[in-house]
Chemist: 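Dropping the structure in here first, questions after.
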Amino acid sequence: MEVIKENFSDFSLSEYPYDRGHTALGEYHHISAPGYYGNWYDPISLHQWRSLDGSWMVTEDNGIHYMEQNRGNNSSGAFQNVYCVLAHKELLFSEYTLSFNIRLFEVDNYCGMAFGYITSRCYYAIAINGEDIALYHRNEEDFNFISRVKIEFDDFKEYNIKISLDNGVSVYLDDKLVISEDINITFPSKIALIGKSACRFSNILVNMNDINYEKHLINKEKYLKKLEEKRKKYPKLKCIKKINLGNFGSGRQLRIARVDNKVIFILAQHQKRMIRDSFAHLSSMTAFDIDGNVLWRIGEPNPIFDNTFISCDLPFQIADINNDGKLEVIYARNFMVHIIDLLTGKELKSMKTPVIKGDPLVKNEPFYRLNVDAIRVADFEGLGYKGDFIIKDRYQNVWAYDKDMKLLWRYHHKNTGHFPYICDFNNDGYDEMFVGYDMVNHKGEIVFSLPMNSDHTDEIIYAPLDGKNDYKLVLASGNEGVNIINLDGSIYKHYEIGHAQRISVAKYDNNMEGLQICATAFWGSDGIVCSYDKDLNLKHQIEVETKGTIVSPVCYDGINNLILLHAGIDGGLVDFELDRVVLFPNDSHPTLSTEVFDIDGDGIDEIITWDLNEMWIYKAESFIEPKKSKKYPHDSFSNYRGEYIIPEEL
């Protein structure tokens, strides 16, 4: 029985769809490049490919369509093990025979097909180069070559390779048995094209004999039935509000506050100065209520692509920074930091950003004064409230200011990352700052520095992973992976997920000890989602086919905390086993950006999803009052903060 038959005849002769700018927009925006995808998806994003074309291209020769690896070997450094991947969407639930034709246009690196494919960092593969055919298993950065057989190679020859998974793995090269190994493959799993060099594929077939096909159908039915039974346990999502965003719509640059039990939103737009996303100018902010009524506006909105899509934070926060019981907005614009009243937009205080021209600690900044990258409130003075604040540049420096906008201190050591974590870690009445890989006290002195120097930390969480008092730092540190750090600066646990992008912590499994961790990767291997126990032991992993996975925790129904992927068709909310247990309705809702916030203060989270035109708000149809819990403070929004739900009592 043919389960998969692919000759690419339904594809036009063009590049397979890809992000032509190789941008970071997909870190938290649900976007996809235009074009025809067929039954495949490309899970690889890499900034090293900027100014280069796509990884895959459909070509033709003698009336036959081929899918070509169109990139060659163009990854290096921390990404040297990034292979071009094109994964098939079909889940296979039983043993099969996989056959394909392949021709190599470059002979140094392995190209072939993956089977038992879970993610782009976890699979078995059969591949050839100019010397041999190999069977190997990839698990994260480890490549275990199980068998290699020398071949007589001809670069003009199109090889036929067949892989039989009955009774282990048997590999045939042009109908000749060349490899036989006793290996058990995980089901369900997928197949994928894997290429490190220029090559082309055709005539891909997955066949099952009658017994295996029946087994495939039975196991698939069991899988879908189990999923359906899980979904029945959760109330459905219901849209409770739709807001017209007029001309002030934007990407994921949203701040939210609740005043007198009413919610206030602020959306910001920007203009890019100088170099891509590095020096964004906050061009407009619009405050509006849940009915879409505009309360005030700063700047002129213009909802074009260049003003609404960006892969960084914009410098604005809502906080009671003067401790008067009212909320203010602190923001940076045109080399000034302003504090204004949230309800009226009336300015209360302002200051100029620091002069950086000629500053030996600032490199490659194109302006006389600091163009602020991010802003966050703090209490470095022991005020008892967040009356101080920090501003930072992109990855080099942090400036701390007191309640009177006077400089307290300056940090410059390692890469700052996007968004420092500020709280009173040692309970001495003063906030400390964990920034990048460093712990800094309230005086700006480095307490400890982790033995990490590459890339930067994208997200930080401080949580009692045991569910009690054993607080630890949980870091998503890009190419340094996911890490749990003790408060003395020692590394408790490390996991290589690829380029760790986002993390969350919550009580995701009510039957497990302590809290659980969820993480996702982006650069190099996009869409990987992993769930871990309190000690960072991997429990489950999946690969989401599209971009924008944010893994935010959602207090869904008062009983269960779920994990939000995104609002797209292959998104929704997953449980700790990473099964999609709650789906968004098929109602044409916007899917570009999503955020989680308890809008009405009842302890149950709403899910906000929006694009440049509309904002829709969803909530579980039914729920009970949840136990009290602690979440990330509302005065510190960021696209680079690890989200958490920490119950007061387990």
Side-chain angles (χ1 to χ4, degrees), residues 40-46 48 55-56 69 71-88 91-92 96 98 100 102 104 108-129 131-149 161 163 165 168-171 179 181-197 199 201 204 479-482 494-501 519-530 532 537-545 578:
W40 305 81
Y41 66 95
D42 182 349
I44 308 298
S45 301
L46 191 56
Q48 291 181 350
S55 297
W56 301 97
Q69 197 268 34
R71 184 167 304 290
N73 182 11
N74 264 299
S75 57
S76 59
F79 299 103
Q80 63 182 338
N81 287 331
V82 171
Y83 281 57
C84 294
V85 175
L86 196 65
H88 199 279
L91 276 174
L92 302 169
Y96 53 85
L98 165 63
F100 62 98
I102 184 171
L104 269 59
D108 286 344
N109 299 290
Y110 283 106
C111 300
M113 292 279 306
F115 57 96
Y117 177 97
I118 307 300
T119 74
S120 62
R121 294 173 60 86
C122 182
Y123 56 82
Y124 286 90
I126 289 291
I128 62 173
N129 61 13
E131 296 182 354
D132 55 42
I133 183 169
L135 166 63
Y136 68 88
H137 178 247
R138 177 172 187 178
N139 184 30
E140 303 299 346
E141 292 295 296
D142 295 328
F143 290 75
N144 176 28
F145 280 84
I146 301 165
S147 183
R148 284 174 170 158
V149 176
I161 297 175
I163 307 160
L165 302 187
V169 175
S170 299
V171 181
I179 294 174
E181 296 287 346
D182 185 14
I183 297 172
N184 293 319
I185 305 301
T186 299
F187 297 105
S189 53
K190 301 176 182 179
I191 65 168
L193 313 183
I194 305 285
K196 190 67 168 171
S197 292
C199 63
F201 297 86
I204 299 166
N479 299 332
E480 296 282 0
V482 182
H494 166 79
Y495 188 89
E496 290 185 349
I497 191 178
H499 180 97
Q501 186 65 44
T520 187
F522 187 70
W523 292 124
S525 295
D526 190 13
I528 295 175
V529 179
C530 296
Y532 311 88
N537 296 308
L538 178 67
K539 294 301 180 181
H540 307 279
Q541 61 179 328
I542 61 172
E543 185 172 84
V544 182
E545 297 173 6
L578 304 181

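We count residues from 1, following the sequence as given. Quick caveat, the model's predicted, so the values are computed rather than measured.
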Chemist: If you apply the rule side-chain contact (heavy atoms from CB on, under 4.5 Å), what do you find for Leu86 with Asp42, and how did you get there?
Modeler: CA-CA 5 Å; Leu86 196 65; Asp42 182 349; 4.1 Å; yes

Chemist: Using a 3.5 Å cut-off and no angle test, enumerate the donor-acceptor pairs between side-chain atoms of residues 113-122 and protein atoms at least two apart in sequence or in another chain.
Modeler:
from: Tyr117; atom 1: OH; to: Ser120; atom 2: N; distance (Å): 3.1
from: Tyr117; atom 1: OH; to: Glu543; atom 2: OE1; distance (Å): 2.8
from: Tyr117; atom 1: OH; to: Glu543; atom 2: OE2; distance (Å): 3.1
from: Thr119; atom 1: OG1; to: Arg121; atom 2: N; distance (Å): 3.0
from: Thr119; atom 1: OG1; to: Cys122; atom 2: N; distance (Å): 3.3
from: Ser120; atom 1: OG; to: Ser525; atom 2: OG; distance (Å): 3.2
from: Arg121; atom 1: NE; to: Glu140; atom 2: OE1; distance (Å): 2.6
from: Arg121; atom 1: NE; to: Ile497; atom 2: O; distance (Å): 3.3
from: Arg121; atom 1: NH1; to: Glu141; atom 2: OE2; distance (Å): 2.7
from: Arg121; atom 1: NH2; to: Glu140; atom 2: OE1; distance (Å): 3.1
from: Arg121; atom 1: NH2; to: Glu141; atom 2: OE2; distance (Å): 3.1

Chemist: Quick one: side chain to side chain donor-acceptor pair (under 3.5 Å) partners of Asp142, sequence neighbours excluded?
Modeler: none

Chemist: Give a yes or no on whether the ring-centroid distance for Tyr123 and Tyr83 is below 6.0 angstrom.
Modeler: no

Chemist: Do the side chains of Ile44 and Ser55 get nearer than 4.5 Å, heavy atoms only?
Modeler: no

Chemist: Looking only at heavy atoms, what is the nearest atom pair of Ala134 and Arg148, with distance?
Modeler: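 Reported closest heavy-atom pair: CB-CG, 3.8 Å.
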
Chemist: How many angstroms lie between NE2 in His137 and CZ in Phe143, if you round to the nearest 0.5 Å?
Modeler: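 Atom-to-atom, His137:NE2 and Phe143:CZ are 10.5 Å apart.
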
Chemist: Identify the two heavy atoms, one from Tyr96 and one from Ile191, that lie closest to each other, and give their separation to 0.1 Å.
Modeler: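 Looking at all heavy atoms of both residues, the closest pair is OH-CG2, 3.7 Å.
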
Chemist: Check Leu104 against Asn129 and note the closest heavy-atom contact, atom names and distance.
Modeler: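 Taking Leu104 first and Asn129 second, the nearest heavy atoms are CD2-CA, 3.6 Å.
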
Chemist: Provide the closest heavy-atom pair for Pro188 versus Leu91 in the form atom of the first, atom of the second, distance.
Modeler: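 In this case the closest contact between Pro188 and Leu91 is CB-CD2, 4.0 Å.
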
Chemist: Which is it for Ile146 and Val169 under the side-chain contact (heavy atoms from CB on, under 4.5 Å) test, yes or no, and what are the steps along the way?
Modeler: CA-CA 11 Å; Ile146 301 165; Val169 175; over 6 Å; no

Chemist: Is it the case that over 12 heavy atoms from other parts of the model lie below 6.0 angstrom from the CG atom of Asn184?
Modeler: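 Counting other residues, nucleotides and ligands, CG of Asn184 stays at 12 neighbours or fewer.
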
Chemist: Is the shortest side-chain heavy-atom distance between Ile161 and Ile128 below 4.5 Å?
Modeler: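 Answer yes - side chains close enough.
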
Chemist: Measure the CG-CD distance between Asn479 and Glu496 for me, rounded to the nearest 0.5 Å.
Modeler: 10.0 Å

Chemist: Is there a donor-acceptor contact under 3.5 Å from the side chain of Lys196 to the main chain of Val82?
Modeler: yes

Chemist: When rounded to the nearest 0.5 angstrom, what is the spacing between CD1 in Ile185 and CG in Leu165?
Modeler: 5.5 Å

Chemist: On a heavy-atom basis, which atom in Phe522 and which in Gln501 lie closest, and how many Å separate them?
Modeler: CB-OE1, 3.8 Å

Chemist: Has Ser45 got a side-chain atom pairing as donor or acceptor with Asp526's backbone, closer than 3.5 angstrom?
Modeler: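 Answer holds: no.
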
Chemist: Any non-hydrogen side-chain atom of Asn537 less than 4.5 Å from a side-chain atom of Tyr532?
Modeler: no

Chemist: Angle class for the Tyr136/Tyr110 ring planes (parallel below 30°, perpendicular above 60°, tilted otherwise)?
Modeler: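 Ring orientation, 0 to 90° scale: tilted.
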
Chemist: From Cys84 SG over to Gln69 CD, what is the distance, rounded to the nearest 0.5 angstrom?
Modeler: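 Between Cys84 SG and Gln69 CD, I get 4.0 Å after rounding to 0.5 Å.
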
Chemist: Would a 4.5 Å heavy-atom cut-off, applied to side chains only, mark Ile204 and Leu193 as touching?
Modeler: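 Yes, at least one pair of side-chain atoms sits under 4.5 Å.
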
Chemist: So, taking the atom named CG in Asn81 and the one named OG in Ser75, what distance separates them when rounded to the nearest 0.5 Å?
Modeler: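 So the gap between those two atoms works out to 7.5 Å.
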
Chemist: Are side-chain heavy atoms of Tyr124 and Glu181 found at a separation under 4.5 Å?
Modeler: no

Chemist: Does Asn144 reach the side chain of Asn139, with side-chain heavy atoms less than 4.5 Å apart?
Modeler: no

Chemist: Would you confirm whether Trp56, through its side chain, and Val85, through its main-chain N or O, come within 3.5 Å as a donor-acceptor pair?
Modeler: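 Here the side-chain-to-backbone pair exists.
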
Chemist: For residues Ile126 and Leu135, determine if any side-chain heavy atom of one lies less than 4.5 Å from a side-chain heavy atom of the other.
Modeler: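 Yes, side chains in contact.
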
